[in-house]
Amino acid sequence: MTLGVFFDNLGLFYALLGAALAVLMAGMGSSIGVGIAGQAAAGVVTEDPAKFAKVLIIQLLPGTQGLYGLLIGFVTLTKIGIIGGGAVAITATQGLQILAACLPMGIVGLVSGKYQGKTAASSIGIIAKRPEQFAKAMLFPAMVETYAILALLISFLAVTGINLG
């Protein structure tokens with residue numbers, strides 16, 4: 001590969017990097033968060049297997065960041081023509097715009113997934129002692145989810161708003 005070919009495809013490289021970072025970082029945040037919550041859930045289920053369904057639902061909440069990152073990855077790959085055909089020529093500037101548009105979901109997904117997992121673990125502790133407080137316990141990790149949804153929204157709007165024509 002010559003240097004000229006690399007620079008001719010620099011925009012595509014940046015765009016693919018953005019899609020990859022959205023998926024990878026948000027997925028990492030989800031896996032960390034689900035793992036943290038899963039450790040707490042396993043402890044509760046060891047003591048009272050009847051609480052399995054309630055703690056599983058709370059454990060799954062940090063998994064949404066990975067789904068949001070995957071959505072931004074799909075939107076980005078569709079936008080640049082990797083999915084669905086019709087690949088478009090992307091300048092380096094446009095590629096950097098797409099990279100920047102994907103970063104909110106990647107960064108916020110990583111951080112919020114981890115902290116939602118910690119909050120979910122605390123909520124699982126509520127279920128361990130007071131299972132009738134399930135609805136209230138769900139609210140704490142759901143508050144962290146708000147910021148993942150905001151990052152999803154801004155990344156989606158930014159990626160789809162970039163003019164490649």
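Contacts of Leu12 classified as side-chain contact (heavy atoms from CB on, under 4.5 Å), with partners at least two apart in sequence or in another chain: Leu16, Ile80, Ile82, Ile90. Annotation: side-chain contact (heavy atoms from CB on, under 4.5 Å) contacts of Ala37 (sequence neighbours excluded): Gln59, Ala120, Ile124. For Thr160, the side chain to side chain donor-acceptor pair (under 3.5 Å) test picks out no residue, with sequence neighbours left out. Residues satisfying the side chain to side chain donor-acceptor pair (under 3.5 Å) test with Thr64, not counting sequence neighbours, are Glu145. Checked against side chain to side chain donor-acceptor pair (under 3.5 Å), Gln39 has no partners two or more places apart in sequence or in another chain. Looking at residues two or more places apart in sequence or on another chain, you find a side-chain contact (heavy atoms from CB on, under 4.5 Å) between Tyr115 and Val111, Lys118. In terms of the side-chain contact (heavy atoms from CB on, under 4.5 Å) criterion, residue partners of Ile83 (sequence neighbours excluded) are, by chain and number, Phe74, Leu77, Thr78. Remark: Glu132 engages Arg130 in a side chain to side chain donor-acceptor pair (under 3.5 Å) (not counting sequence neighbours).
Summarising the geometry, atom OH belonging to Tyr68 is positioned 11.5 Å from atom CG belonging to Leu153; distances are rounded to the nearest 0.5 Å. Ile72 CD1 to Ser155 OG: the interatomic distance, rounded to the nearest 0.5 Å, is 5.0 Å. Leu61 contributes atom CG, which lies 13.0 Å from atom CZ of Phe140 (distance to the nearest 0.5 angstrom). Here the straight-line distance linking atom CG of Leu10 with atom CG of Leu17 works out to 10.5 Å at 0.5 Å rounding. One finds the OH atom of Tyr147 at 15.5 Å from the CG atom of Leu152 (value rounded to the nearest 0.5 Å).
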Donor-acceptor list for residues 23-36 side chains, cut-off 3.5 Å, not counting sequence neighbours:
| residue | atom | partner | partner atom | Å |
| --- | --- | --- | --- | --- |
| Ser30 | OG | Pro62 | O | 2.7 |
| Ser30 | OG | Gly63 | O | 3.3 |
| Ser30 | OG | Gln65 | N | 3.4 |
| Ser30 | OG | Gly66 | N | 2.6 |
| Ser31 | OG | Gly27 | O | 3.3 |
| Ser31 | OG | Met28 | O | 2.9 |

Residues 93-109 side chain polar contacts: donor-acceptor under 3.5 Å, at least two apart:
| residue | atom | partner | partner atom | Å |
| --- | --- | --- | --- | --- |
| Gln94 | OE1 | Thr91 | N | 2.9 |
| Gln94 | OE1 | Thr91 | OG1 | 3.3 |
| Gln94 | NE2 | Asn163 | O | 3.2 |

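Connection of Leu60 to Met138 is established within a shared hydrophobic cluster, with ILVMFWY side chains joined at heavy-atom distances below 4.5 Å, either directly or through further cluster members. Val144 and Ile149 are assigned to two separate hydrophobic clusters, defined by single-linkage of ILVMFWY side chains at heavy-atom distances under 4.5 Å. Leu71 is not connected to Leu67 by any chain of hydrophobic side-chain contacts under 4.5 Å among Ile, Leu, Val, Met, Phe, Trp and Tyr, and they are in different clusters.
Using a 4.5 Å heavy-atom threshold, the side chains of Phe13 and Asn9 count as separate.
Heavy-atom minimum distance, Thr76 versus Ala15: CG2-O, 3.8 Å. The shortest heavy-atom contact between Thr119 and Pro141 is CG2-N, 3.5 Å. When all heavy atoms of Ile57 and Phe134 are compared, the pair lying nearest together is CG2-CZ, 4.0 Å.
Formation of a donor-acceptor pair under 3.5 Å by the Ser123 side chain with backbone atoms of Ala137 is found in this model.
Crowding of Lys79 atom NZ: a count of heavy atoms from other residues, nucleotides or ligands under 6.0 Å exceeding 12.
Evaluation of the salt bridge (Lys or Arg N to Asp or Glu O under 4.0 Å) test over residues 44-58, restricted to residues two or more places apart or in two chains, returns Asp48-Lys51.
Clustering of Ile, Leu, Val, Met, Phe, Trp and Tyr by side-chain heavy atoms under 4.5 Å joins Ile154 with none of the others.
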